[in-house]
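Here is how names work: the chains are called A, B, and so on, in the same order as the sequence lines, proteins then strands, and each is numbered from 1.
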Number of protein chains: 2
Amino acid sequence: MQNTVFKALAHPARRQVLALLRKGPRLAGDLAAEFESSWPTMSRHLAVLKDADLITAERQGNQILYRVNTSVLEDAATALLGLIGGDNGDDELKEAAE
Amino acid sequence: MQNTVFKALAHPARRQVLALLRKGPRLAGDLAAEFESSWPTMSRHLAVLKDADLITAERQGNQILYRVNTSVLEDAATALLGLIGGDNGDDELKEAAE
DNA sequence: ACTCATATTAGCAAAAACGCTAATTAGCAC
DNA sequence: GTGCTAATTAGCGTTTTTGCTAATATGAGT
């Protein structure tokens, strides 16, 4: 859902995670090490991002590799741009929500 | 701040307000009438959007006219796109935050 | 099976967001 | 001034988010 995406983007730490992931996939612990928050806290941020489908998780033996999901990020950016200009109808958001 | 913008975008009603404002300026009461929430509730949503600088308010005698602030919306969209691809450094967010 | 490293889930408390009704401010008309 | 409309602010309770520690899963190695 569109809403979970924007809610996920509402927290600075989560946007930061996406920024780190932009440069390439990363292990959970590797990510957690970059932040001051406790490990469980970061784990939950990752869960929120995953729930919004902004990232994907893949087990690699003992650890878990996270990847950014570019297309969802693109959709969000497009939705924002859709809020600008455009002499279009008023239902661009509804379409994008599906 | 970047953070207030994304927090403001996190609520569906507020995104909807922006969508309505895209078509042109609107009076506060006119906007409030489009939603099911109470008028004070909408007033606060508008305050959040204004605090994030996503909209601007202008008195028109008895009433208040709201306008979308396109540039801030653009900046947010750009920030999201910056989270994608780009073999850039890791500090694009920091720059955009200023 | 036992142990270690990696990561998540459970459970709790503090903080913030949400949405309401009631009260207040702001401007216009009389 | 009073009265009326438009809109915000105050105050409250409920819900959600956040972040911690402790407990639990999951997999690899011995």
Side-chain angles (χ1 to χ4, degrees), chain A residues 1-21 24-69 76 93, chain B residues 1-21 24-69 72 76 93 97:
Chain A
M1 203 216 303
Q2 191 78 279
N3 197 38
T4 60
V5 173
F6 282 110
K7 278 200 166 170
L9 291 170
H11 197 289
R14 291 192 292 256
R15 291 196 301 278
Q16 189 89 37
V17 166
L18 294 175
L20 290 172
L21 249 33
R26 288 259 224 154
L27 298 172
D30 199 25
L31 277 171
E34 302 262 11
F35 294 83
E36 299 198 336
S37 316
S38 73
W39 207 348
T41 293
M42 288 315 296
S43 192
R44 203 162 42 147
H45 280 313
L46 293 173
V48 171
L49 287 168
K50 194 168 117 224
D51 192 58
D53 214 36
L54 277 161
I55 61 175
T56 60
E58 182 191 347
R59 272 224 102 97
Q60 298 249 315
N62 211 4
Q63 29 212 18
I64 298 185
L65 191 68
Y66 282 101
R67 262 181 247 282
V68 67
N69 191 345
L93 274 186
Chain B
M1 206 218 300
Q2 193 78 283
N3 196 38
T4 61
V5 173
F6 282 110
K7 278 202 167 168
L9 290 170
H11 197 290
R14 291 193 291 255
R15 291 195 302 277
Q16 189 87 38
V17 166
L18 294 175
L20 290 172
L21 250 32
R26 289 259 225 154
L27 298 172
D30 199 25
L31 277 171
E34 302 261 12
F35 294 82
E36 299 198 335
S37 315
S38 74
W39 209 352
T41 294
M42 289 314 298
S43 191
R44 205 171 32 161
H45 280 313
L46 293 173
V48 171
L49 287 167
K50 194 168 118 227
D51 193 58
D53 215 36
L54 278 161
I55 61 176
T56 59
E58 183 192 345
R59 273 223 103 96
Q60 298 250 314
N62 211 5
Q63 29 212 19
I64 297 184
L65 191 67
Y66 281 101
R67 262 181 245 283
V68 67
N69 191 346
V72 174
L93 273 186

*Check Leu49(B), Val68(B), Leu54(B) against Val17(B) for a side-chain contact (heavy atoms from CB on, under 4.5 Å) and give me the one that passes.*
Leu49(B)
*Using heavy atoms and a sub-4.0 Å distance, could you list which residues of residues 49-69 of chain B are near DNA chain C? By number, please.*
Arg59(B), Gly61(B), Asn62(B)
*Any sub-3.5 Å donor-acceptor pair from Arg67(A)'s side-chain atoms to Pro25(A)'s backbone N or O?*
no
_Quick test of your reading: applying ring pair (Phe, Tyr, Trp, His ring centres under 6.0 Å), list the pairs with at least one residue in residues 43-67 of chain B, sequence neighbours left out, ordered by first then second residue._
His11(B)-His45(B)
*Within-4.5 Å side-chain heavy-atom neighbours: Asn69(B) and Ile55(B)*: no
*asked:* For Asn62(A), give me all partners under side-chain hydrogen bond (donor to acceptor under 3.5 Å, both in side chains), at least two apart in sequence or on another chain.
replied: none
*Any idea which heavy atoms bring Met1(A) and Thr4(A) closest together, and the distance?*
O-OG1, 2.9 Å
What nitrogen or oxygen pairs link the protein and nucleotides 18-22 of chain D at under 3.5 Å?
residue : atom : partner  : partner atom : Å
dT18(D) : OP1  : Arg14(A) : NH2          : 3.2
dT18(D) : OP2  : Arg14(A) : NH1          : 3.0
dT18(D) : OP2  : Arg14(A) : NH2          : 3.4
dG19(D) : OP2  : His11(A) : NE2          : 3.2
dG19(D) : OP2  : His45(A) : NE2          : 2.8
dG19(D) : N7   : Arg44(A) : NH2          : 2.2
dC20(D) : OP2  : Ser38(A) : N            : 2.9
dC20(D) : OP2  : Ser38(A) : OG           : 2.9
dC20(D) : OP2  : Thr41(A) : OG1          : 2.5

*Does any non-hydrogen side-chain atom of Leu20(A) lie less than 4.5 Å from one of Asp30(A)?*
no
*Restricting to pairs with a member in residues 45-56 of chain A, which pass salt bridge (charged side-chain N to carboxylate O under 4.0 Å, His left out), not counting sequence neighbours?*
none
_Residue Glu36(B) excluded, over 12 heavy atoms near CD under 6.0 Å_ = no
*Interface limits on DNA chain C, where chain B has a heavy atom under 4.0 Å of a nucleotide atom*: dA17(C) to dC28(C)
_Which heavy atom of Met42(B) sits nearest to which heavy atom of Ser37(B), and what is that distance?_
SD-CB, 4.2 Å
